[in-house]
Amino acid sequence: MSTTGASADPLAALGSLPGVAESVESVRKAVDRVYGHRVMRRRSNEITSEAALRGARGSAALSGADWALEEVRRRTDFSADAEARVIGAALRLTAEAGQLLSIWRQSPLRVLARLHLVAAASEDGAVGRPRQAGEPVDEPLIELPLPDAREVSGRLEGLADLIIAGSSAPALVTAAVVHGELLALRPFTSYNGVVARAAERIVLIGSGLDPKAVCPAEVGHAELGRASYLAALDGYVSGTPEGMAAWIGHCGRAVELGVRESTAVCEALQRGAA
């Protein structure tokens, strides 16, 4: 992560970039609207479960496994091929994220290691730890230059320090930085995309912005499309104020689209159609 100027709270400094405050406010209003829906007061557990399923489907789609929602809902075996394994990884991560909220602020690196273990579901020695020098990375849909292992280690430590220290930055800003940094670094040998989006989910839930996990940003990222996602990520990696603001704005729009998805679920439940 790169910011302009020195700051004791670099995440908070990003909140002053042009357009970011407007994105934060727009997201807050959208989240408040879905939390105020009458169905949420009676059936929030159902909305949470459906948001988790749809969020996992969206995250997997961005990693190349773009399955129909009903196919994801129907399947029970996710080991048949590479796409199925990506879907399975996304589903497991969505379920696991809620169990890691209390650990995140004290030990984010431990949480990231756990997320990779859950995603990979493998006993390979490279699983559950940052990649080492010379180890390849299987992340074909992200073609950015790959930082070396030493840079990955240093930047992961820096990110962890920011999380542990705490920040006055809005949840959207922190979530976007965590998400963008993990995509830029690709710290693991596999499943970096789904891990990055699961970490974004943890920040949004744990911050109190979306405590019931009913605003699946992954749905929005998928709806905005892979090309838009990668273009916004290029802005993050550039480190320029404009690029960082564009990435945060993109993440904000993804949350709002996730809100729209869950609002539609609320409306369907209200009509008795779901």
Side-chain angles (χ1 to χ4, degrees), residues 1 9-17 19-37 39-41 44-45 47-52 54-56 58-59 93-106 108 111-112 115 159 162-183 195-224 232 236 244-245 247-266:
M1 182 185 70
D9 188 350
L11 291 176
L14 294 175
S16 64
L17 293 176
V20 170
E22 290 82 356
S23 292
V24 168
E25 181 62 19
S26 182
V27 165
R28 168 53 67 189
K29 288 179 178 178
V31 172
D32 285 348
R33 283 195 298 273
V34 73
Y35 271 83
H37 197 287
V39 170
M40 279 292 295
R41 293 194 290 271
S44 64
N45 288 343
I47 308 302
T48 296
S49 295
E50 189 64 19
R54 295 178 185 221
S59 186
L93 286 177
T94 302
E96 186 77 7
Q99 311 302 313
L100 299 172
L101 297 173
S102 63
I103 306 171
W104 174 253
R105 284 293 300 273
Q106 284 74 43
V111 168
L112 293 175
L115 291 175
L159 181 64
L162 288 175
I163 299 302
I164 292 167
S167 172
S168 62
L172 172 64
V173 172
T174 303
V177 167
V178 167
H179 184 172
E181 192 72 353
L182 292 174
L183 287 179
V195 166
R197 291 182 287 275
E200 179 187 49
R201 167 179 282 265
I202 287 172
V203 175
L204 293 172
I205 298 169
S207 66
L209 177 65
D210 181 23
K212 294 184 178 181
V214 297
C215 307
E218 306 96 326
V219 168
H221 287 302
E223 186 171 335
L224 289 166
Y236 177 86
M244 297 292 286
W247 171 250
I248 295 168
H250 181 92
C251 291
R253 289 190 295 278
V255 174
E256 292 184 63
L257 288 170
V259 167
R260 188 177 73 178
E261 186 87 354
S262 286
T263 301
V265 173
C266 287

message = Return the SG to CZ distance between Cys266 and Arg41, rounded to the nearest 0.5 Å.
response = 10.5 Å
ask   = If you look at every heavy atom in Leu209 and Ala171, which pair is closest and at what distance?
value = CB-CB, 4.0 Å
request  = Can you spot which of Ile163, Leu100, Leu162 makes a side-chain contact (heavy atoms from CB on, under 4.5 Å) with Pro108?
outcome  = Ile163
task = Take Val259 and Arg33 through the side chain to side chain contact (heavy atoms under 4.5 Å, CB included) test and state the conclusion after the steps.
result = CA-CA 9 Å; Val259 167; Arg33 283 195 298 273; 5.7 Å; no
message = Could you report the tightest heavy-atom contact between Ile164 and Gln106, atom names first, then the distance?
response = CD1-O, 3.7 Å
task = For residues Ala217 and Glu200, report the shortest heavy-atom separation together with the two atoms involved.
result = CB-OE1, 3.6 Å
inquiry  = Do Val20 and Leu14 make a side-chain contact, defined as non-hydrogen atoms from C-beta onward lying under 4.5 Å apart?
reply    = no
task = Output all residues satisfying salt bridge (Lys or Arg N to Asp or Glu O under 4.0 Å) with Glu261, sequence neighbours left out; order by chain, then residue number.
result = Arg54
task = Would you indicate whether the side-chain heavy atoms of Tyr236 and Ile248 approach each other to under 4.5 Å?
result = no
key: Side chain proximity check, Cys215 to Ser262, heavy atoms < 4.5 angstrom   = no
ask   = So do the side chains of Leu93 and Ser59 get within less than 4.5 Å of each other, counting heavy atoms only?
value = no
message = Just so I know, are the side chains of Val178 and Trp104 near enough to count as touching, which here means a heavy-atom distance under 4.5 Å?
response = yes
key: Counterpart residues, side chain to side chain contact (heavy atoms under 4.5 Å, CB included), relative to Arg260 (two or more places apart)   = Glu223, Leu257
task = Compare every heavy atom of Cys251 with every heavy atom of Leu172, then report the nearest pair and how far apart it is.
result = CD1-C, 3.9 Å
task = Name all residues meeting the side chain to side chain contact (heavy atoms under 4.5 Å, CB included) criterion together with Ser26; count only those two or more places apart in sequence or in a different chain, and write none if there are none.
result = Glu256
Aromatic ring pairing His250/His221, orientation class (parallel under 30°, perpendicular over 60°, tilted between) = parallel
ask   = Where do Ala199 and Leu115 come nearest, in terms of heavy atoms and distance?
value = N-CD1, 4.2 Å
key: Nearest-0.5 Å distance, CD1 of residue Ile202 to CG of residue Leu112   = 7.5 Å
message = Whether the side chain of Trp247 engages the backbone of Ala176 through a donor-acceptor N/O pair (distance < 3.5 Å, no angle test) should be reported.
response = yes
ask   = Short question: side chain of Ser16, backbone of Ala13 - any donor-acceptor pair under 3.5 Å?
value = yes
query = If you take all heavy atoms of Ala196 and Leu182, which pair is closest and at what distance?
reply = CB-CB, 3.7 Å
key: Tyr35 side chain near Asp210 side chain, heavy-atom distance below 4.5 Å   = yes
Spatial distance of atom CG (Leu183) from atom CZ (Arg197) [nearest 0.5 Å] = 6.5 Å
inquiry  = For a 4.5 angstrom cut-off between non-hydrogen side-chain atoms, does Met40 reach Val214?
reply    = yes
task = Would you check if Asn45 and Lys212 make a side-chain contact, meaning some heavy-atom pair closer than 4.5 Å?
result = no
